[in-house]
Amino acid sequence: MEQHRSHNPNPSHQNPSAYKREREDNGRNHCENKHSRPNRPQNQSGPSRGQNPHSSLSLSTRRELYERDFPVYKQPVEVGCFSLDSERRFFNDGRQMRYYVEPDRSPNFDLRDGYKDRFIKRDDSVKEKLDHMLRWILANRSKLSARGTTASSCDLDIDFVTWRGHLTKLLTAPYETREGWQLAVTRFRGTLYISEVETEAARRDQENRTERHEEMMYWGYKFEQYTCADTDHGRPDPGGVLNTNEAFCTVVQTRLADHRLLFSGEVDCRDKDPNAPAAPACYIELKTSAEICTPKQRSNFHRFKLLKWWAQSFLPGVPRVVAGFRDEEGVVVAVETFPISKISHLIKNEHNCWKPTVCMNFCSDFLSFVKHIATEDNPSVVYLLSWEPRRDVTFSVHRDSPYCFLPHWFVEEMTSSQPSHQS
Ligand code: 0WD
Ligand code: CA
């Protein structure tokens, strides 16, 4: 596959930390930021589009190309939520919501407790793709459909449907040096659905995990159990069984440049104060990380961990991360809160560090690229976008292939019936 570089789109160095508000002009479909020139996909070899399914279009992830003004990113609005129970069954409600109970600053939680005898692990060989989100869309279609009877080329009034975690991978791609990804895209009734495909390398890594690594993956969930209660007046129950099938997911709507997005992300817990601001501003992301003992460790924490934490929570508008720093034995020795709006300041002293504007502009240009290439509206066509560090994003087209991910029950329900109007 031929590869082409994109032109340098007007570098500048602004780093706003807040969301841009939508302009009050009902201009739903245009891009407000006159100064930002989208990094258009380049096709130097002429009109291959529509002629050659393996076209020579590609998209660069080079950081310098994305150092322009911060794009419009509308304040994310929660339009619903759903829950997955201990058997991974879907419920169109918030029954799995949990409430944050602030621990001591140095709580000495033992994260290894219960790994052997009180742990039920989700079966990660089951690939759920977008299914839970699609169930939520069918149950809430009337909230999403194009208002009234106005003509729209797009039933849902949304350009992209995906998981938050997939967008996080896009935001961090310009800085990622280790793990590539593959994203399957299908255009159906005007909306582009994006679902991850596990790479060969990721599958190998998963198969070759050490026992130590398996146990360390449990530590993050155990920290949640020490700090979350099931009710706003309840207490955490670290003696209970930990079941990673259970999840509470928020569904948010927002807009990045001229891309209308609907995505869902798992939320760990909320502020238990009933007067806390409305979701997603009351949500809290919980993390664990190795304790920081040296300047080198601090620098790595800023350069790599904080990038991932920032991207994941900034997307749905979750305002803070509570981090449990643990020692080598899995004991939490310190707890610290990181407001997402302060993370970009924290990293400014780091030489040659990541920039939020690069993350957001790359994501925006990636979505423009997808709109440009994924033109056939057909639930059995998949555009597979592939990326490896230090390479450009490339794509291939697949018809009636194992990559198809929109289930029949979704396609049929969306095709055959009008949304049922719920109150
Ligand atoms: O089948 C798949 N390939 C995927 C399924 C990939 C990514 C997500 N999912 C689904 C699952 O249904 C899960 O409930 O997405 C849900 C979470 O989505 P997300 O919020 O978009 O994912 P992400 O932001 O990557 O992860 C959020 C949390 C993680 O917490 P930490 O603090 O480690 O970031 O969701 C959990 C994990 O606790 N998580 C998952 N849970 C189930 N299946 C998965 C996964 N594959 N990945 C992360
Ligand atoms: Ca978490």
Side-chain angles (χ1 to χ4, degrees), residues 76 78 81-91 96-98 100 111 119-136 160-172 176 179 181-184 193-199 202-203 205-206 209 213 216-228 242-252 261-270 280 283-289 304-318 320-324 326 332 335 337-338 340 363 403 405 407:
E78 179 175 77
C81 63
F82 59 86
S83 295
L84 304 173
D85 74 359
S86 59
E87 294 168 53
R88 208 69 182 167
R89 288 175 300 205
F90 172 94
F91 294 90
Q96 292 288 353
M97 169 80 84
R98 292 179 301 174
Y100 178 64
L111 301 178
F119 178 31
I120 299 172
K121 187 173 179 283
R122 188 186 73 93
D123 179 357
D124 54 17
S125 68
V126 179
K127 298 300 171 205
E128 300 175 321
K129 296 174 268 194
L130 294 186
D131 290 5
H132 298 307
M133 271 216 80
L134 303 179
R135 278 187 196 99
W136 182 90
F160 292 95
V161 168
T162 193
W163 283 107
R164 175 267 311 271
H166 302 357
L167 295 173
T168 306
K169 290 190 177 178
L170 293 173
L171 261 63
T172 57
E176 178 63 49
E179 288 170 16
W181 38 253
Q182 288 196 304
L183 295 170
Y193 295 82
I194 306 181
S195 178
E196 187 173 29
V197 175
E198 189 177 50
T199 61
R203 199 181 52 79
D205 286 354
Q206 191 178 329
R209 268 186 217 138
H213 189 183
M216 287 173 75
M217 290 175 66
Y218 168 81
W219 294 358
Y221 293 107
K222 188 67 190 176
F223 182 60
E224 296 173 9
Q225 198 191 35
Y226 276 112
T227 52
C228 294
L242 195 160
N243 185 326
T244 58
N245 287 297
E246 296 176 11
F248 167 82
C249 295
T250 180
V251 183
V252 303
L261 314 180
L262 180 77
F263 59 86
S264 175
E266 195 173 319
V267 170
D268 293 326
C269 57
R270 59 159 289 159
Y283 290 152
I284 298 167
E285 173 65 35
L286 301 172
K287 294 288 183 197
T288 55
S289 194
F304 305 111
K305 269 278 159 81
L306 284 184
L307 164 60
K308 300 225 158 126
W309 293 4
W310 172 84
Q312 184 187 39
S313 288
F314 181 78
L315 279 163
V318 170
R320 55 198 160 126
V321 174
V322 171
R326 48 95 193 147
V332 175
V335 174
T337 298
F338 292 88
I340 292 302
C363 184
Y403 292 119
F405 63 89

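In each ligand, atom 1 is the first atom listed, and ligand 1 is the first ligand listed.
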Open item on the list: Can you confirm whether or not the ring centre of Phe82 sits under 6.0 Å from the ring centre of Phe90?
Closed with: yes
TODO: Using distance alone, decide if ligand 1 has a nitrogen or oxygen within less than 3.5 Å of any nitrogen or oxygen in Lys287.
DONE: yes
- [ ] Using a strict 4.0 Å cut-off to heavy atoms of Glu285, name the atoms of ligand 1 that fall inside it.
- [x] 32 (O)
Open item on the list: Under 3.0 Å from the Ca ion (ligand 2) - does any N, O or S atom of Glu285 fall there?
Closed with: yes
TODO: Would you mind checking which non-hydrogen protein atom is closest to atom 11 (C) of ligand 1, with the distance to 0.1 Å?
DONE: Arg88 NH2, 3.1 Å
Task: Under 3.5 Å: N/O of His166 near N/O of ligand 1 - done: no
- [ ] Report the C-alpha distance between Leu171 and Thr168 in whole Å, list the side-chain angles of each, state the deciding distance to 0.1 Å, and finish with yes or no for side chain to side chain contact (heavy atoms under 4.5 Å, CB included).
- [x] CA-CA 5 Å; Leu171 261 63; Thr168 306; 5.6 Å; no
- [ ] Kindly identify the option in Phe223, Trp163, Phe248 whose heavy atom sits closest to atom 8 (C) of ligand 1.
- [x] Trp163
Task: Any protein heavy atom < 4.0 Å from atom 47 (N) of ligand 1 - done: no
Task: Ser195 touching ligand 1 at heavy-atom level, < 4.0 angstrom - done: no
Task: Per-atom contact, atom 13 (C) of ligand 1, protein heavy atoms, under 4.0 angstrom - done: yes
Open item on the list: Within ligand 1, which atoms have a heavy atom of Gly265 less than 4.0 Å away?
Closed with: 20 (O)
Open item on the list: Between Asp268 and the Ca ion (ligand 2), is there a contact where an N/O/S atom of the residue lies under 3.0 Å from the metal?
Closed with: yes
Task: Separation between CZ of Arg89 and CG of Asn245, rounded to the nearest 0.5 Å - done: 10.5 Å
Open item on the list: Could you check whether any heavy atom of Tyr221 sits closer than 4.0 Å to an atom of ligand 1, since that is the contact criterion I want to use?
Closed with: yes
Task: Under 3.5 Å donor-acceptor, Glu128 side chain and Asp131 backbone - done: no
Task: Closest approach of Val321 to Lys287 (non-hydrogen atoms, all atoms of both residues) - done: CG1-CG, 3.6 Å
Open item on the list: If you take the nearest heavy atom of each of Lys127, Gln312, Lys169, which one is closest to atom 23 (P) of ligand 1?
Closed with: Gln312
Open item on the list: Can you give me the closest heavy-atom contact between Arg122 and Thr244, atom names plus distance?
Closed with: N-OG1, 2.8 Å
TODO: Give the residue and atom name of whichever protein heavy atom lies nearest to atom 24 (O) of ligand 1, and the separation in Å to one decimal.
DONE: Arg164 NE, 2.7 Å
Open item on the list: Please list the nearest protein heavy atom to atom 3 (N) of ligand 1 with its residue and the distance rounded to 0.1 Å.
Closed with: Glu196 OE1, 4.2 Å
Open item on the list: Does the residue Lys308 have a heavy-atom contact with ligand 1, meaning some pair of atoms that are separated by less than 4.0 Å?
Closed with: no
TODO: Determine, using heavy atoms of Val126 and all atoms of ligand 1, whether some pair is separated by less than 4.0 Å.
DONE: no
Task: Residue, atom name and distance, where the atom is the protein heavy atom closest to atom 45 (C) of ligand 1 - done: Arg122 NH2, 3.4 Å
Task: 4.0 Å protein heavy-atom contact status of atom 16 (C) of ligand 1, strictly under - done: yes
Open item on the list: If we count only non-hydrogen protein atoms and require a distance under 4.0 Å, does atom 29 (C) of ligand 1 qualify as touching the protein?
Closed with: no
Task: Short N or O distance, Glu224 and ligand 1, threshold 3.5 Å exclusive - done: no
Task: Heteroatom distance test (Glu128, ligand 1): nitrogen or oxygen, under 3.5 angstrom - done: yes
- [ ] Mind checking whether Thr168 contacts ligand 1 via backbone (N, CA, C, O), side chain (CB onward), both or neither, at a 4.0 Å heavy-atom cut-off?
- [x] neither
Task: Residue, atom name and distance, where the atom is the protein heavy atom closest to atom 39 (N) of ligand 1 - done: Glu266 OE1, 4.1 Å
- [ ] State whether Tyr226 and Lys222 meet the cation-pi test: NZ (Lys) or CZ (Arg) under 6.0 Å from the six-membered ring centroid, and within 45° of the perpendicular axis.
- [x] yes
Open item on the list: Suppose we measure from atom 2 (C) of ligand 1 to each protein heavy atom; which comes out shortest, and what is that distance?
Closed with: Lys129 N, 4.8 Å
Open item on the list: Could you check whether any side-chain N or O of Trp163 sits under 3.5 Å from a backbone N or O of Ile194, counting only pairs where one atom can act as donor and the other as acceptor?
Closed with: no
Open item on the list: Students should be able to answer this: which protein heavy-atom is nearest to atom 25 (O) of ligand 1, and at what distance?
Closed with: Gly165 CA, 3.7 Å
Open item on the list: Any N/O/S atom, side chain or main chain, of Leu286 closer to the Ca ion (ligand 2) than 3.0 Å?
Closed with: yes
